[in-house]
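Here the structure comes first, spelled out in structure tokens, and everything after it is commentary.
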Amino acid sequence: MILPIPLQWQVLRLLKGRRTYQEICDQQWVLHPQESCLTPRAIYRSEDLERVTAVHPETTYAYEVGRIQGGKVDHAATTVYQIRQTHIQNGSVYKGAMRHCLAPAQTHFRSVSTTELLDRAALACTFAGLRYFGHFVTDDLTLAMAAESLAQPITMSQRLTTHQLEYRHLFGIDPLPVVQAQCQELLIIDDVGQNRFKRQRYERMRSRLRQLGPSTCEGVMFLRKSSGVRRVSTPTPDTRSTSFKSLFTFSGVAKVSMYLKHIGLFS
């Protein structure tokens, strides 16, 4: 009797321990090396940090303070991991004792009726990108750009919102949605570093947006408060004279500059 793939993983995980795709890959190479750069200090008052009582569970206070203080920042390399003979099922990639979970689906031992056979594919989705729209744009769309030059980009099959479909269409990105598949050669790209290669893909997205045409709006500032009637404001020739740009008068800039010098951010 052949056990279902998720059940095989459960057994092998108990026998061998958890494994990662970095540990079990057949080959790996660097698409773009690690980079370092200097970042300026954020604009803040030291006494404001005393009001911070907690941080997100996935980070630490020391790490966040280090980010706003500026200095040297290391951007991780973009690395490709090649894994042969993998199985994709219910939003996860399996091989032996390794499970790379992507979609929010739980482990199901029953498989679907059809299994796709893929020769060579590259993952074009992330755990966060399948959940949050912001990560979908900045992580998954850029990852698909990197993947399309290596193999057939694939993503976990899920229902997309209208905005996600429009963004894919706008940038010409169309990864293959997969529910269940057996892949002869799968590429998983570690693409978390904000290195030059990642910034080049951001710029491709910006260039595509600029091709849609110049903006007809000089700028509007929206102030969110806890009360009031929800409304949409469109600039008119009469209101553009008081647009966002005109808020920054010479007097205002001078006052901001004097304050920043006073707290020691500029000399």
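All residue numbers refer to positions in the sequence shown, counting from 1.
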### Message
When you measure from the centre of the six-membered ring of F197, is the NZ or CZ of R199 closer than 6.0 Å and no more than 45° off the axis?
### Response
no
### Message
If I take atom CG from residue L176 and atom CD1 from residue I154, how far apart are they, to the nearest 0.5 angstrom?
### Response
7.0 Å
## Note on the structure
Minimal heavy-atom distance between G91 and M156, with the atoms involved, is CA-SD, 3.6 Å
### Backbone of H32 reached by a side-chain donor or acceptor of N195 within 3.5 Å
no
### Query
Shared ILVMFWY cluster between I188 and I24, side chains joined below 4.5 angstrom?
yes
### Summary
Quick note, salt bridge (charged side-chain N to carboxylate O under 4.0 Å, His left out) partners involving residues 62-80, not counting sequence neighbours, are E64-R67
### Query
At what distance, to the nearest 0.5 angstrom, does OG1 of T155 lie from CG of L130?
5.0 Å
### Sub-4.5 Å side-chain heavy-atom contact between L160 and Q158
yes
### Cluster overlap L150 with L143, hydrophobic side-chain contacts below 4.5 Å
yes
### Task
Any chance you could measure M205, atom CE, to T142, atom OG1, to the nearest 0.5 Å?
6.5 Å
### Task
Could you tell me whether the side chain of E35 and the main chain of A76 form a donor-acceptor pair under 3.5 Å?
no
### Task
Tell me whether M98 is reachable from L118 by hopping between hydrophobic residues (I, L, V, M, F, W, Y) whose side-chain heavy atoms are closer than 4.5 Å.
yes
### Summary
Correct closest heavy-atom pair for P177 and E116 would be O-OE2, 3.9 Å
### Message
Could you tell me if the side chain of Q82 sits less than 4.5 Å from the side chain of W29, heavy atoms only?
### Response
yes
### Ring-face cation of R41 near Y44 (centre distance under 6.0 Å, axis angle within 45°)
yes
### Query
Within the distance-only criterion (no hydrogens, no angle test), does the side chain of T86 pair as donor or acceptor with the backbone N or O of K95 below 3.5 angstrom?
no
### Message
Using the side-chain hydrogen bond (donor to acceptor under 3.5 Å, both in side chains) criterion, which residues pair with Q182? Sequence neighbours excluded.
### Response
none
### Message
Looking only at side-chain N and O atoms, does Q194 offer a donor or acceptor that is under 3.5 Å from a partner on Y202?
### Response
yes
#### Entry: Sidechain-backbone polar pair: R208 side chain, L170 backbone, donor-acceptor under 3.5 Å
yes
### Query
When rounded to the nearest 0.5 angstrom, what distance separates CZ in R159 from CG in L165?
10.0 Å
### Task
Apply salt bridge (Lys or Arg N to Asp or Glu O under 4.0 Å) to R210 and list each qualifying residue two or more places apart in sequence or on a separate chain.
E203
### K198 to T138 - nearest heavy-atom pair and separation
CE-O, 3.5 Å
### Message
Other residues, nucleotides and ligands only: do more than 12 of their heavy atoms fall within 6.0 Å of CZ on F133?
### Response
yes
### Summary
Of all heavy-atom pairs linking A147 and A124, the shortest is CB-CB, 4.4 Å
### Message
Quick check for you: to the nearest 0.5 Å, what is the distance between H87 atom NE2 and L186 atom CG?
### Response
11.5 Å
### Query
Would you say Q69's side chain and G66's backbone share a donor-acceptor pair under 3.5 angstrom?
no
### Query
Does D191 reach the side chain of R201, with side-chain heavy atoms less than 4.5 Å apart?
yes
#### Entry: Evaluation steps, salt bridge (charged side-chain N to carboxylate O under 4.0 Å, His left out), between D140 and R168
CA-CA 10 Å; D140 286 20; R168 277 191 181 180; over 6 Å; no
### Query
In Å, rounded to the nearest 0.5 Å, how long is the span from OG1 of T79 to CD of Q28?
7.0 Å
## Note on the structure
Residue set satisfying side-chain hydrogen bond (donor to acceptor under 3.5 Å, both in side chains) with Y167, at least two apart, ordered chain then number -> none
### Query
Should C37 and H75 count as side-chain neighbours, where that means a heavy-atom distance under 4.5 Å?
yes
### Task
Measure the shortest side-chain to side-chain distance between Q184 and Q85 over non-hydrogen atoms and say whether it is less than 4.5 angstrom.
yes
Let me have the donor-acceptor pairs involving side chains of residues 47-57, under 3.5 Å, with sequence neighbours excluded, atom names and distances please.
from: D48; atom 1: OD1; to: R45; atom 2: NH2; distance (Å): 3.1
from: D48; atom 1: OD2; to: R45; atom 2: NE; distance (Å): 3.3
from: H56; atom 1: ND1; to: E58; atom 2: N; distance (Å): 3.1

#### Entry: With L123, the side-chain contact (heavy atoms from CB on, under 4.5 Å) member among L187, L102, V178
L102
### Query
Hey, any chance F136 and M145 share a hydrophobic cluster, counting ILVMFWY side chains that come within less than 4.5 Å of each other, even indirectly?
yes
### Query
Looking at residues at least two apart in the chain, or sitting in another chain, which of them share a side-chain hydrogen bond (donor to acceptor under 3.5 Å, both in side chains) with D190?
Y21, Q22
